Amino acid sequence: MRRTNTCGELRAEDIGKQVCLQGWVRFSRDHGGVAFIDLADRYGITQIVFDPEDLPKGTDVNAMADTMKTFTRESVVSIVGTVRKRVEGTDDARNPTGEVEVLITEAELLNKSAAPPFEIGDQKEGVLPNEDTRMKYRYLDLRRTEMIQAMEFRSKFLHLARQYLEQNSFLEIETPILGRSTPEGARDYVVPSRVHPGTFYALPQSPQLFKQMLMVGSMDRYYQVARCFRDEDSRKDRQPEFTQLDMEMSFVDMADIQNMIEGLLSFVWKGLYGKELETPFPRIAYRDAMERFGSDKPDMRYGLEFVKLTDVVKDVPYQIFQRILAEGGIVAGINLGDGSAKVGRNEVDRYIHYAKNKAKLGGLTWMRCENGVLTSNITKYFTPEILENIKQAMNVKEGDLIFLIAGPWKATYEGGGVLRRKIAEDLGLVPDDVFQFFWMVDCPMFEVDPVSGKYDAFHHPFVLPLNDINDDYVAGACFDICLNGNELGSGSLRIHNADLQRAVLEKLGVPDETIEKEFGWFIQALGYGAPPHGGIAMGVDRLIAILLNKETIRDVIAFPKNKRAVSLLDNSPEKIDDSKLEELQILSLATGDLDLESLEDIDSDEQ
RNA sequence: GCCCUGGUAGUGUAGUGGCCUAUCAUGAAGCCCUGUCGAGGCUUCGACACGGAUUCAAAUUCCGUCCAGGGCGCCA
């Protein structure tokens with residue numbers, strides 16, 4: 001018999017119906033006569049009752065009992081029966097199907113299950129198995145309600161996004177997975193070519209150049225749920241392969257792109273939560289974000305903003321600050337406000353330690369307002385007037401604790417941002433039910449490496465500069481979308497002029513030869529009437545993880561890699577047969593079979 | 001490449017030099033039980049990641065390796 005209903009479907013109005021349910025035996029309770037089975041599938045759990053004294057006439061009771069014995073945990077079974085109201089007082093209000101149960105009349109084992117290595121079911125906090133066990137048996141882990149919900153949510157999100165984009169004339173176009181390696185950016189995953197021995201494709205780090213080619217090709221509006229690959233070390237929000245919602249549009253300005261994303265997210269929000277998402281999102285300039293929150297992706301769900309004190313303390317006798325200011329550094333302060341009382345002297349020392357070791361700050365100065373004046377171990381190096389000015393500037397009230405950071409602009413604010421987040425977490429200031437989107441705007445085009453003096457692209461080399469690239473400061477037509485202290489994605493207008501593209505690559509120190517070899521085809525395409533265009537890509541894994549309050553993106557990816565880029569389910573990566581390597585004309589240095597000495601005559605000059 | 005935390009039955013844990021023949025829960029196997037719902041009761045099974053060192057004595061201390069997670073670097 002075919003399944004007539006899912007395990008999450010039956011309600012009181014179905015009482016009396018003959019149904020066939022198929023699913024997994026989650027829990028069973030045998031009372032010696034009557035027995036209960038919680039039959040589960042993706043949609044829910046329905047209670048099945050087996051009562052040997054309540055079977056249809058002519059049923060072989062012993063055969064049935066034998067079948068029931070085979071219904072072990074996680075076996076897959078098919079049952080036929082009658083929906084009936086539960087015995088008075090045995091309803092289960094926690095379960096949507098809890099008013100009814102199905103009285104078995106026929107039962108069949110579809111597939112047995114080995115004893116599962118861990119208990120499936122709605123686990124309490126903290127009793128989940130280790131992540132490696134979950135990954136090894138991911139197909140079992142996926143049966144958990146939490147994982148099912150994550151997969152449903154993700155699917156629904158992407159469906160709504162596609163719906164919105166289709167309504168707005170976007171075309172979903174697939175770009176190649178096998179492409180060419182580019183010199184800049186992350187390490188590539190590489191695929192050897194059999195047809196052209198010694199050459200390699202690279203998996204895309206993003207479809208950047210292809211989507212720009214689509215604009216040159218008049219596609220006008222493109223999107224893709226694009227898999228991207230970067231061979232870099234993992235974090236809880238980063239793994240080797242990830243998914244971007246990638247878009248590109250022609251004849252637009254930055255506001256058009258931002259409006260489109262706000263429209264998209266509002267539409268998705270409505271579909272997911274039935275609520276309006278507040279738009280437009282706030283915008284904050286890069287420099288303001290750094291100076292107020294110490295981050296280019298600040299968590300703005302809470303305050304704890306930095307106040308710039310460089311001018312206030314410029315005449316302070318305190319030598320450390322004087323030296324820093326003389327070197328062009330900054331001084332800034334953060335006021336713990338109402339949380340100050342929770343931070344005693346020992347905690348202050350712990351923050352000083354944290355600042356030096358984790359936040360990479362040179363040091364951390366503290367002061368507390370007692371009896372109307374700022375006091376601490378170093379206030380003797382400050383004049384009363386300067387202390388009063390600090391108080392004013394930082395709006396210090398009696399009892400408030402303030403921390404002062406000092407040093408070079410970028411490193412100090414970044415360190416301050418790390419400290420700010422730590423303080424907010426310690427003081428319990430981070431709400432977990434607020435989703436604060438914003439745009440980080442007014443970004444620089446380049447960053448100068450403080451050590452080498454080399455120019456780096458702030459976003460990437462295809463961003464449109466907004467002024468002459470030889471000016472002291474070059475603004476880039478780029479922006480980030482952030483959510484709760486995470487960068488979700490970045491967008492920009494792109495260079496559509498071949499000469500300008502070449503000049504930017506030169507400015508970034510890419511040798512002419514490399515430009516020609518690696519980007520020649522791309523620059524050439526820009527020369528054939530590339531329209532002004534721009535776009536954005538959002539990290540789907542991150543966004544879903546944040547919306548679902550997950551600690552790691554691994555909890556919203558069906559088959560993730562672990563920290564060391566291993567898939568514990570299929571044990572990849574793995575060695576391949578010598579015969580395959582031979583066909584690809586590849587020798588491995590990693591196996592240890594090769595004697596490097598004997599390879600001397602192989603030309604090692606080439607990379 | 002580096003730093004930090006951890007690794008005890010299938011799973012989750014307790015155990016900081018001798019009270020360890022290693023705790024508890026869950027699970028599995030068997031038995032009992034006719035209204036449970038992560039059913040209950042009884043019995044049984046099952047573990048100190050690996051290698052070395054210190055010691056009369058090591059799950060416990062030390063060294064190395066492997067494995068897992070978090071972070072730095074890296075991620076145009």
Side-chain angles (χ1 to χ4, degrees), chain A residues 26-40 45-54 69 72-74 84 86-95 97-98 101 103 114-137 140-141 145 182-188 205-206 208-209 228-240 242 354 357-360 414-415 418 422 445-447 449 454-463 476 478 487 490 492 504-505 508-510 518-519 539 551-552 554 562-564 566 568:
Chain A
R26 189 60 31 93
F27 303 109
S28 57
R29 299 172 287 279
D30 182 354
H31 286 253
V34 66
F36 302 91
I37 292 167
D38 287 341
L39 195 67
I45 292 185
T46 300
Q47 174 161 285
I48 311 299
V49 190
F50 169 65
D51 191 339
E53 292 175 10
D54 205 353
K69 278 211 179 82
T72 56
R73 267 159 33 101
E74 296 307 319
R84 71 178 191 189
R86 290 196 185 187
V87 172
E88 191 70 35
T90 62
D91 288 9
D92 186 356
R94 295 166 299 178
N95 189 341
T97 66
E101 61 192 13
L103 179 69
F118 56 90
E119 285 96 70
I120 300 160
D122 295 330
Q123 307 286 344
K124 282 186 193 166
E125 190 76 25
V127 298
L128 270 178
N130 279 333
E131 215 179 333
D132 49 337
T133 308
R134 289 173 57 202
M135 291 310 159
K136 185 173 174 191
Y137 300 96
L140 296 178
D141 191 45
T145 308
T182 46
E184 296 203 46
R187 232 172 264 123
D188 288 315
Q205 296 179 21
S206 80
Q208 183 64 33
L209 297 183
C228 306
F229 306 86
R230 294 180 191 171
D231 185 5
E232 298 293 347
D233 290 350
S234 298
R235 292 287 185 277
K236 62 179 174 175
D237 63 348
R238 256 166 49 189
Q239 69 148 35
F242 58 99
Y354 184 88
N357 292 285
K358 297 281 171 130
K360 295 179 173 175
E414 277 179 350
V418 173
K422 169 79 174 152
M445 180 74 196
F446 303 110
E447 275 186 304
D449 187 299
K454 185 180 169 292
Y455 281 90
D456 279 329
F458 187 76
H459 272 82
H460 56 62
F462 315 108
V463 170
C478 54
E487 181 191 318
S490 47
S492 62
V504 166
L505 288 167
L508 290 168
V510 185
E518 308 287 347
F519 297 108
E551 270 302 304
T552 158
R554 280 175 251 121
N562 76 359
K563 171 114 174 147
R564 295 194 319 144
V566 170
L568 292 170

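Values below: every heavy atom of this structure, side chains too, minus hydrogens, waters and symmetry copies. Bear in mind that the values here come from a model prediction, so they are computed numbers and not experimental data. We name chains A, B, ... by the order of the sequence lines, and we start the count at 1 in each one.
- Of the candidate nucleotides B/G69, B/G73, B/G10, B/G69 has the atom lying nearest to any side-chain atom of A/E131.
- At least one side-chain heavy atom of A/R73 sits less than 4.5 Å from a side-chain heavy atom of A/E119.
- You'll find that the side chain of A/K563 is closest to B/G70, out of B/G10, B/A76, B/G70.
- Between the side chain of A/R84 and the base of B/G35, at least one donor-acceptor pair of N or O atoms lies under 3.5 Å.
- Along RNA chain B, the nucleotide nearest A/D92 and the nucleotide nearest A/H459 are compared for position; the residue whose nucleotide lies closer to the 5' end is A/D92.
- Nucleotides B/U60 and B/G17, compared at atom P, are 11 Å apart to the nearest Å.
- For the pair A/F36 and B/U36, the ring geometry qualifies as stacking, because the centroid separation is below 5.5 Å while the planes lie within an angle under 30°.
- Base pairing of B/C33 is not made with any nucleotide, judged by Watson-Crick or G-U wobble geometry with both donor-acceptor distances under 3.5 Å.
- If you check distances only, the side chain of A/E88 never reaches the base of B/G35 with a donor-acceptor pair under 3.5 Å.
- In this structure, A/K236 reaches the sugar-phosphate backbone alone: every heavy-atom distance under 4.0 Å involves primed, P, OP1 or OP2 atoms, never a base.
- The listed nucleotides are B/A68, B/C72, B/G35; the one nearest the side chain of A/R235 is B/C72.
- In terms of polar N and O atoms assigned as donor or acceptor, the side chain of A/D233 comes within less than 3.5 Å of the base of B/G73 in a complementary pairing.
- Below the 3.5 angstrom threshold, one finds a donor paired with an acceptor across the side chain of A/R238 and the base of B/C75.
- Across all strands shown, B/C72 is found opposite B/G1 as a Watson-Crick or G-U wobble partner, with both distances under 3.5 Å.
- The side-chain hydrogen bond (donor to acceptor under 3.5 Å, both in side chains) test with A/N95 is passed by exactly one of A/D92, A/D91, A/T97: A/T97.
- Comparing atom distances between the A/R86 side chain and each of B/G12, B/G35, B/A76 picks out B/G35 as nearest.
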